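Just the heavy atoms: all of them, side chains too, but no hydrogens, waters or symmetry mates, feed the values below. On a predicted model such as this, the values are computed, not experimentally measured, just so you know. Residue numbers run from 1 in the order of the sequence given.
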Amino acid sequence: LSDAVNCLAKENARLLVLGRKHMLINSSSWKREIMKEMQNKADFFFAENISEDDAFLLYATLRSGKHCKFVTRDFLRDHKACLSSSLMRHLFRKWQRGHQIVFFPSVGGKHIQFLPAFRYDCVVQTTGDTWHIPYTDTFEEKHSYRVPRKWLCIQQKL
């Protein structure tokens with residue numbers, strides 16, 4: 001968490017960290033001095049230890065405006081499953097892809113990297129006689145925020 005906060009703070013982003021109250025107790029996992037250092041770089045909200053913090057994350061992101069991004073390793077599958085229609089699930093996944101920044105440690109765990117949220121919708125797109133098709137050249141389990149980063153461009157010759 002500290003590495004993520006430090007990395008994002010360097011970009012002068014306004015940060016809100018959602019956590020649980022147990023993070024305020026000095027322990028082997030949560031050092032008081034590191035928590036204070038992070039609190040100088042970000043705003044924090046601490047929910048009850050038994051709370052479902054995803055609801056806070058979704059509310060804070062939506063309430064903060066259309067340009068707000070969020071970071072979580074959660075796929076938010078439970079929230080998608082609660083939506084009553086396939087259209088709502090589709091819209092949620094589309095919103096998620098446009099707002100979720102993917103966090104992953106680099107090889108060796110020395111640095112962290114963020115895969116930015118998409119500024120475009122990752123679906124087949126056409127313009128006149130040209131098709132743009134997102135693809136991946138390796139098979140991997142698809143998660144809602146992990147979509148192909150490569151595009152195949154096909155143009156019809158007349």
Novice: Would you say that Leu152 contacts Trp131 through its side chain, given a criterion of any heavy-atom pair below 4.5 Å between the two side chains?
Specialist: no
Novice: Same cluster or not: Tyr59 versus Ile101, using hydrophobic residues (I, L, V, M, F, W, Y) connected whenever any side-chain heavy atoms lie under 4.5 Å apart?
Specialist: no
Novice: Can you tell me how far the CH2 atom of Trp30 sits from the CE atom of Met38, to the nearest 0.5 Å?
Specialist: 6.0 Å
Novice: Could you tell me whether the side chains of Asn6 and Lys41 share a donor-acceptor contact shorter than 3.5 Å?
Specialist: yes
Novice: If you round to the nearest 0.5 Å, how far is CD of Gln96 from OG1 of Thr72?
Specialist: 9.0 Å
Novice: Donor-acceptor pair, Ser85 side chain versus Met88 backbone, under 3.5 Å?
Specialist: yes
Novice: Hey, does Phe114 have a side-chain heavy atom less than 4.5 Å from the side chain of Cys7?
Specialist: yes
Novice: Under the 3.5 angstrom rule, does the side chain of Asp129 hit a backbone N or O of Gln155 as a donor-acceptor pair?
Specialist: no
Novice: Would you call the rings of Phe46 and Phe44 parallel, tilted or perpendicular, where under 30° means parallel and over 60° means perpendicular?
Specialist: parallel
Novice: So Leu76 and Leu58, do their side chains get closer than 4.5 Å, heavy atoms only?
Specialist: yes
Novice: For residues Leu57 and Val71, report the shortest heavy-atom separation together with the two atoms involved.
Specialist: CD1-O, 4.3 Å
Novice: Hey, what do you get for NE2 (His99) to CZ (Phe70), rounding to the nearest 0.5 Å?
Specialist: 8.5 Å
Novice: Give me the atom names and distance for the closest heavy-atom approach of Gly98 to Lys69.
Specialist: O-NZ, 3.4 Å
Novice: Starting at OG1 of Thr61, measure out to CZ of Phe56 and round the result to the nearest 0.5 Å.
Specialist: 13.0 Å
Novice: Are there over 12 heavy-atom neighbours, none belonging to Ile154, within less than 6.0 Å of that residue's CD1?
Specialist: yes
Novice: For residues 12-25, tabulate all N or O donor-acceptor pairs below 3.5 Å that involve a side-chain atom, not counting sequence neighbours.
Specialist:
residue: Arg20; atom: NE; partner: Asn49; partner atom: O; Å: 3.4
residue: Arg20; atom: NE; partner: Ser51; partner atom: O; Å: 3.3
residue: Arg20; atom: NH2; partner: Ser51; partner atom: O; Å: 2.9
residue: Arg20; atom: NH2; partner: Asp53; partner atom: OD1; Å: 3.3
residue: Lys21; atom: NZ; partner: Glu48; partner atom: OE2; Å: 2.6

Novice: Does Arg89 use its side chain to pair, donor to acceptor, with the backbone of Leu83 at less than 3.5 Å?
Specialist: yes
